[in-house]
Number of protein chains: 2
Amino acid sequence: MTKRPTQEEVARIAGTSTAVVSYVLNNGPRSVSEDARRRVLAAIAKTGYRPNSAARALVSGRSTVIGLVVPDLANPFLAQLTQSLERELFGRGYSLLIGDSGDEPARAATVVETLLAQQVAGLVWYSVDLPPPLDVLGGSALPVVVVNDLAGSGVTEAAPAGRLISVDAEEYRGVRLATEHLLAHGRTRIAHLGGPQGRLNSAERSRGWADAVSAAGLSPTVRMNVPFTQEAGADAAGHLLESGCDAVVTANEMQATGLLRGLHRAGVRVPEDLSVVAYNGTPAAAFAIPSLTTVELQVSALAREIADALEPDSAVTGLTAASELVRRESCGCEVPAAEADA
Amino acid sequence: MTKRPTQEEVARIAGTSTAVVSYVLNNGPRSVSEDARRRVLAAIAKTGYRPNSAARALVSGRSTVIGLVVPDLANPFLAQLTQSLERELFGRGYSLLIGDSGDEPARAATVVETLLAQQVAGLVWYSVDLPPPLDVLGGSALPVVVVNDLAGSGVTEAAPAGRLISVDAEEYRGVRLATEHLLAHGRTRIAHLGGPQGRLNSAERSRGWADAVSAAGLSPTVRMNVPFTQEAGADAAGHLLESGCDAVVTANEMQATGLLRGLHRAGVRVPEDLSVVAYNGTPAAAFAIPSLTTVELQVSALAREIADALEPDSAVTGLTAASELVRRESCGCEVPAAEADA
DNA sequence: CTGAAAGCGCTAACAG
DNA sequence: CTGTTAGCGCTTTCAG
């Protein structure tokens, strides 16, 4: 039941004042003699002292905690993003507080409020439809990263108190890329399994599909709007097949793996009878049956850039997240056996 | 750039003292007249006041943040657990700080230290091999939930300063259950795809398999120890097939879906030629091809119990997490088409 | 280069 | 029932 050592104890042992301990700890704002620094460090080691971040946050008004709000932590893509961010942030001395908005505006607002009450030093908001509740952010001048900032969301124009970093995930481009790949495979009746109706998120992705199809001189085939779940993907198989399409671009990986399952049950061969490409793939796509061709976001790189942008001295206001097409079996690409599971 | 309102402002507007505001906020420890309470509440609403949790944590020595340490956030099972815990905790006014130990002791220690520095009110530790670094916990008298406490880990006996809540996930029983189900299907050469060698985690699961096989009067077939990844599962297919087994019990779902992929490539039919059951399944198992029979932990219930146990006034010291066998296609159970994707 | 001291916003005695 | 007040541990002026 020993109390944790405080700065004062460290100072006493080091034969100095708490101010000096603080200077050593933070490398400033004043400089410290080599001798004093050594004594302080020794005292810290001896006592096992660790700064109390609550006290630090209170006095400085800034914590070392970053808040992350995602719509669904169980979604592998978002779990991966969360993991990458956690890794990156921990390496820089920050911790990650997570909030699952459940894709509901009301809950999202509560979550943001809760995170703000924790004095987070920054916020990462994965946007599905709504911009982050900037009103809740009030005057807090903290950096907010809006991943997947949506055209027309008006976020960028909102001119909030804090620094706003907009991450363009190029969803339009990503889905378009996927669609064009199917076109390159000679598919002409490309359907689209899109996300929930009315979501800017979904709309953006769907637009990529529609434009690619039009640009190829084809007329859009069927388009469905369903939740971002495996179940919805599986259920969509029937309708998609009736439409007579020869390929499907899905708005996320969960829909695609669900669809693969639905097609399998219907006895449809992929990619022979129908080819499939998913947007926002994860490494798990390599293990789908057949392995799933996806457009994959470069998550680690993005996490690093986000962490950079969150640093207090950063002046970054915008980022573009790179995606790339990962060719596997479901689109019809021949995949050498050796690379199939890579 | 407006500063956030403080308790003092609220008190001023309500025409009372900060103490009364505090009493209203915390429902105690003193009672407040109905009239004063109303005025305080009005002032809070008017100013949009939110308590500063850093200050609260500092003075009370207790925050409303719970720390969670898992070995791999990208693992769907753990992502699901994280999500459930987040949901449960948020509903009670707590936030969740996550730490990904990457299954490395060194990193785990750092993560725990970081979380403790944040003055977490409790810790949830998902144990793979090592017990949580109790030494790091020092004298902090905070509740620590060890999910999947491992027999012989010595955690329970460590008598730490805080309250220790041991969650028995019954891994032995779960894997045994899975194995017995395969036995019930008439399989006699049941192999085991286990987790990394030397992990208590893996050992416990493997023991369940070995005992079930022995109890049936059969001699254990092959057993492999590989990482908890899809890739490892896929790579194991060849060796498993050579062993001539007619069924496989895997130690987690990722290994199983990887294995399914490997078997598919090898042209092996599941469950006809080989049946498969996985431990620690998630809802995603329903969408594997074939759908995967698993032993599934009742995550939501567990999350609720963990949250209960974490409450400061709880006296719980142990929990048992219930698992159940979820029959799907991969084991050989006939699954009515209508329920196949349920 | 260093020490003393003033708070950060809040809780919880302690007096009324 | 309510106001006053003493810190919680730390950062950072402001004097030395």
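Proteins get letters first, then strands, A, B, ... in listed order; numbering begins at 1 in each. Because the structure is a prediction, the values reported are computed rather than measured.
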(message) Main chain of A:L310, side chain of A:S314: is a donor-acceptor contact present, judged purely on distance under 3.5 Å?
(response) no
(message) With a 4.0 Å limit, can you tell me whether B:T6 has a side-chain N or O closer than that to the phosphate oxygens OP1/OP2 of C:dC8?
(response) no
(message) Using a 3.5 Å distance criterion without hydrogens, assess whether the side chain of B:E86 forms a donor-acceptor pair with backbone atoms of A:D100.
(response) yes
(request) Compare side-chain N and O positions of B:S22 against OP1 and OP2 of C:dT11 and report whether any pair is under 4.0 Å apart. (result) yes
(message) Regarding B:Q7 and B:N52, do their side chains bring together a donor and an acceptor under 3.5 Å, going by distance alone?
(response) no
(request) Return no unless some side-chain N or O of A:S31 is found under 4.0 Å from OP1 or OP2 of C:dC1. (result) yes
(request) Could you say whether B:S60 or B:T18 is positioned toward the 5' end of DNA chain D, judged by the nucleotide with the nearest heavy atom to each? (result) B:T18
(request) Using atom types as modelled and distance alone, determine if a side-chain donor or acceptor of B:S22 lies under 3.5 Å from a backbone N or O of B:T18. (result) no
(message) Any side-chain N or O of B:R30 below 4.0 angstrom from OP1/OP2 of D:dC1?
(response) no
(request) Please state whether the base of D:dG3 and the side chain of B:Y23 form at least one donor-acceptor pair under 3.5 Å? (result) yes
(request) Let me know the distance between CD of A:E34 and P of C:dC1, rounded to the nearest Å. (result) 10 Å
(request) Give a yes/no on whether any side-chain N or O of B:N52 is located under 4.0 angstrom from OP1 or OP2 of C:dC8. (result) no
(request) Let me know the distance between CD of B:Q7 and C1' of D:dA6, rounded to the nearest Å. (result) 15 Å
(request) Please report, rounded to the nearest Å, how far the P atom of D:dC1 is from the CG atom of B:D35. (result) 12 Å
